[in-house]
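These notes concern the structure reproduced below.
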Amino acid sequence: MSFDRRLPRMVSRLWLLSGLRLRLLLASGFLGTMLIAAQVRAEAPMTVDDASTLDRGSFKVETTWQREGGRRGVDALFGFGAHQGLEVEVAAGWGRDRDYQPSADLRGAALGLKWVPMQTEEGWSLGLRYDYGRLRVRPSAPALGFNETEQQLTGLATYRFGKGYAAHINLGFAYSREDGESHSSGTWGLGLEVPVLRPLTLTAETYSLRRGSVQNALGIRFVLREGLKVSAAAGRGDGISFGRVGIAWEF
């Protein structure tokens with residue numbers, strides 16, 4: 001979709017890439033895609049992922065409301081620490097696009113595997129993640145419906161400065177297939193986390209989920225209590241503003 005941070009980064013990707021298909025199919029009056037964000041977002045509200053995983057036996061649940069132009073949607077994610085340094089995530093997203101006619105319902109699902117063998121409290125942490133996502137677009141005119149699948153492999157690097165400051169780097173490759181046609185593109189992202197007060201962190205990021213497109217966003221994350229956080233972010237890319245609000249619980 002997306003917008004994502006990440007499964008939801010994969011669900012988020014579907015959102016962020018939807019505008020491309022909208023423009024490509026505008027001549028035929030068809031509305032665009034919400035592509036599954038092939039990376040599960042780093043800690044909300046970021047789309048750029050971090051090189052860290054849940055502890056073995058830990059779980060997390062996230063839900064995010066997002067918008068981009070006339071597109072609105074919700075995604076949900078469940079993740080668990082399958083092994084030390086290995087995290088498994090599943091996500092689903094639901095949305096609707098009213099920017100173009102006929103309008104369409106968007107349904108996405110994604111699976112993500114995140115492996116970070118090198119994790120440190122300060123200094124460099126390094127890892128990889130793989131995501132597979134599927135999108136179903138069901139417009140008001142059924143004949144215009146289609147399905148799309150996407151896979152993404154992303155290298156993750158995080159440098160932690162201590163006291164909550166962190167910088168994230170993503171570099172990857174995405175491959176998608178829709179109606180018998182395949183497409184590939186490189187992906188990248190840079191993100192920064194800056195603690196302001198004990199419960200409040202500011203985030204900034206710039207990233208590209210397809211060739212020729214760059215998204216920029218600023219966000220905040222607030223800790224309500226241990227393991228429970230709320231977040232919000234707003235940004236702009238390809239001349240379209242987007243935003244998201246979410247809540248996450250780790251236990």
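Note: hydrogens, waters and symmetry copies are ignored here, and every other heavy atom, side chains too, is used. We're numbering straight along the sequence, starting at 1.
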Counting N and O atoms only, with roles assigned by atom type, does the side chain of [X] sit under 3.5 Å from a partner on the main chain of [Y], one being a donor and the other an acceptor?
X	Y	answer
Glu250	Lys60	no
Arg67	Ser241	yes
Arg236	Gly239	yes
Asn170	Asp49	yes
Arg72	Gly69	yes
Glu62	Leu77	no
Arg221	Ala44	yes

When you look at Tyr175 and Thr149, which way does the side chain to side chain contact (heavy atoms under 4.5 Å, CB included) test go after all the steps?
CA-CA 8 Å; Tyr175 173 84; Thr149 61; over 6 Å; no
I want to check something: taking the side chain as every heavy atom from C-beta on, are [X] and [Y] in contact at a cut-off of under 4.5 Å?
X	Y	value
Tyr165	Pro195	yes
Val88	Leu113	yes
Ser176	Glu148	yes

Taking all heavy atoms of [X] and all of [Y], pick out the closest pair and write down the distance.
X	Y	value
Ala174	Thr187	CB-CG2, 4.1 Å
Pro117	Gly127	CD-CA, 4.1 Å
Phe242	Gly237	CE2-N, 4.0 Å
Gly191	Val48	N-CG1, 4.0 Å
Val116	Leu126	CG1-O, 3.3 Å
Glu87	Leu54	OE1-N, 2.8 Å

Side chains of [X] and [Y]: do they bring a donor and an acceptor to under 3.5 Å?
X	Y	value
Glu193	His168	yes
Thr47	Arg244	yes
Thr158	Asp50	no
Glu205	Thr203	no
Thr53	Gln119	yes

For the atom pair [atom1] ([X]) and [atom2] ([Y]), what is the distance rounded to the nearest 0.5 Å?
X	Y	atom1	atom2	result
Leu106	Leu135	CG	CG	6.0 Å
Leu190	Thr206	CG	OG1	6.5 Å
Arg107	Arg134	CZ	CZ	14.5 Å
Asn216	Tyr207	CG	OH	8.0 Å
Ser231	Leu200	OG	CG	11.5 Å
Trp188	Leu209	CH2	CG	9.5 Å

Do the side chains of [X] and [Y] join up, straight or via other hydrophobic residues, at under 4.5 Å, putting them in one cluster?
X	Y	value
Leu111	Phe78	yes
Val194	Phe161	yes
Leu86	Leu153	no
Val223	Leu197	no
Val245	Trp249	no

With side chain to side chain contact (heavy atoms under 4.5 Å, CB included) as the test, would you mind laying out the steps for Thr154 and Leu171 before giving the verdict?
CA-CA 6 Å; Thr154 306; Leu171 186 62; over 6 Å; no
Pair Glu89 + Arg129: basic N to acidic O under 4.0 Å:
yes
Does this structure show an ion pair linking Lys114 with Asp131, if we count only N-O contacts that are shorter than 4.0 Å?
no
Set out, in order, the CA-CA distance, both residues' side-chain angles and the distance that settles side chain to side chain contact (heavy atoms under 4.5 Å, CB included) for Leu224 and Val230, then state yes or no.
CA-CA 7 Å; Leu224 296 176; Val230 293; 3.7 Å; yes
Only pairs at least two apart or in different chains count here, so list each ring-ring contact (aromatic ring centres under 6.0 Å, His included) that has a residue in residues 106-126.
Trp124-Tyr159
Step by step, work out the side chain to side chain donor-acceptor pair (under 3.5 Å) result for Gln151 and Tyr130.
CA-CA 7 Å; Gln151 300 179 68; Tyr130 168 78; 2.6 Å; yes
Walk me through it: do Gln215 and Ser213 pass the test side chain to side chain donor-acceptor pair (under 3.5 Å)?
CA-CA 7 Å; Gln215 314 285 330; Ser213 173; 3.2 Å; yes
Run the numbers on Val61 and Phe59 for side chain to side chain contact (heavy atoms under 4.5 Å, CB included), then give the verdict.
CA-CA 7 Å; Val61 178; Phe59 301 86; 5.9 Å; no
